[in-house]
Amino acid sequence: MDHAADAHRTDLMTITRHVLNEQSKYPESRGDFSILLNHIVLGCKFVCSVVNKAGLAKIIGLAGETNVQGEEQKKLDVLSNEVFVKALVSSGRTCILVSEEDEEATFVEPSRRGRYCVVFDPLDGSSNIDCGVSIGTIFGIYMVKDDHEPTLDDVLQPGKNMLAAGYCMYGSSCTFVLSTGTGVNGFTLDPSLGEFILTHPNIKIPKKGKIYSVNEGNAKNWDGPTAKYVEKCKFPQDGSSSKSLRYIGSMVADVHRTLLYGGIFLYPADKKSPNGKLRVLYEVFPMSFLMEQAGGQAFTGKQRALDLVPAKIHERSPVFLGSYDEVEEIKALYAAEEEKA
Ligand code: AFP
């Protein structure tokens, strides 16, 4: 046994250590936020382990209506939702939960209540599960205004009021990306230790990018600025090279690549869906928060995405997010369109 190597391994920056380090910068902190994050991380580890077995489930007879024990099987997105709701409620630090899977917000019973509101999509991109493509969990955290009387207004706040946001990608490796408002850090799950290790400290998105990411199948319904931008990506008039198109159809995976390599992710409005497809609270806001924290931008076609004030918990919005300069271009195209009108 290589004791020296083992000793080295225990000096790793785990996510718990990272969060506790952050907490120590605020002497008044009671540690509630660290406890909440620990519970989110636990939920992600659980979902990661279930997702990893998803392909096997069919082969060994765990899928379908009932499993080998005769118990009813749950769809992965339903199961993931239950995992996160339980993890969040049992943290004792939450008061309102908004999940993509639940029509209504969950108000935590007073005896288990804390000060945080968590908005989340437990398993985003779930239509990709059966073919083994990367999927993920997305979350954002707000502080309740009055912990004695939490109301829906506590989660209908602009994204800029979020205290933290992140996602966990269940891909070729399991990656947890987090911002608590002071930059963005990425952690990779070491399955042998069961710990997320800091592998991508202080992520900064490149200022420009060579990749655009959009569902081009919707092109016939796009508005002018989106169509012009994508045309420019393919046929640049300034002598630069064309951009590459990459689109997975799983927001966590498309945004993760955009964050690391630069470029832009677009889910615009179109004639069929005037508000786009993506949900404000648990898709647009957390990803926009991360982009801004990494030095990029996020825009809705009308305004900075994080300035949007949602009126409903499952509201949708168009979004353009990614490298600073790419989003500047989109903003200029929308501004020009508005001037014409
Ligand atoms: P699913 O959860 O239904 O797979 O939707 C995924 C998603 O909300 C988001 O993760 C993708 O970016 C987007 O939808 C893809 O939408 P299109 O299939 O319309 O391109």
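Counting convention: from 1, in listed order, for ligands and their atoms alike. FYI, side chains are in, hydrogens and waters are out, and symmetry mates aren't considered; it's all heavy atoms of this structure.
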If we number the atoms of ligand 1 from 1 as shown, the ones under 4.0 Å from a heavy atom of Asp124 are 8 (O), 9 (C), 10 (O)
Between Phe285 and the options Leu290, Ile138, Leu306, the side chain to side chain contact (heavy atoms under 4.5 Å, CB included) test singles out Leu306
If you scan protein heavy atoms around atom 4 (O) of ligand 1, the nearest is Ser127 OG, 2.5 Å
Has Gln293 got a side-chain atom pairing as donor or acceptor with Phe289's backbone, closer than 3.5 angstrom? no
Ring-ring centroid check Phe139 Phe176, cutoff 6.0 Å:
yes
Nearest non-hydrogen protein atom to atom 2 (O) of ligand 1, with distance, is Gly125 N, 3.0 Å
For atom 5 (O) of ligand 1, the closest protein heavy atom turns out to be Lys277 NZ, 3.4 Å
Ligand 1 to Asn215, heavy atom cutoff 4.0 Å, flagged ligand atoms 17 (P), 19 (O), 20 (O)
of all protein heavy atoms, closest to atom 19 (O) of ligand 1 is Tyr267 OH, 2.6 Å
Quiz item: Between His18 and Phe196, does the ring centroid distance fall short of 6.0 Å?
Solution: no
- prompt: Hey, is Lys232 close enough to Glu329 for a salt bridge, meaning N to O under 4.0 Å?
  reply: yes
Short version for Leu278: what comes under 4.0 Å of ligand 1, heavy atoms counted, is side chain
| Can you find a side-chain donor-acceptor pair between Asp223 and Tyr334 that sits under 3.5 Å? | yes
Contact region, Ser250 to ligand 1, non-hydrogen atoms below 4.0 Å, reads backbone
Looking at Met251, Arg316, Glu283, the heavy atom closest to atom 8 (O) of ligand 1 belongs to Glu283
Ligand 1 atoms nearer than 4.0 angstrom to some heavy atom of Ser126 are 1 (P), 2 (O), 4 (O)
Taking the inter-plane angle between the rings of Phe299 and Phe320 on a 0 to 90° scale, is it parallel (under 30°), tilted (30 to 60°) or perpendicular (over 60°)? tilted
Closest non-hydrogen atoms of Asn218 and Tyr267, given as atom of the first, atom of the second and distance, are ND2-OH, 3.4 Å
re atom 20 (O) of ligand 1, the protein heavy-atom contact at minimum distance is Tyr247 OH, 2.5 Å
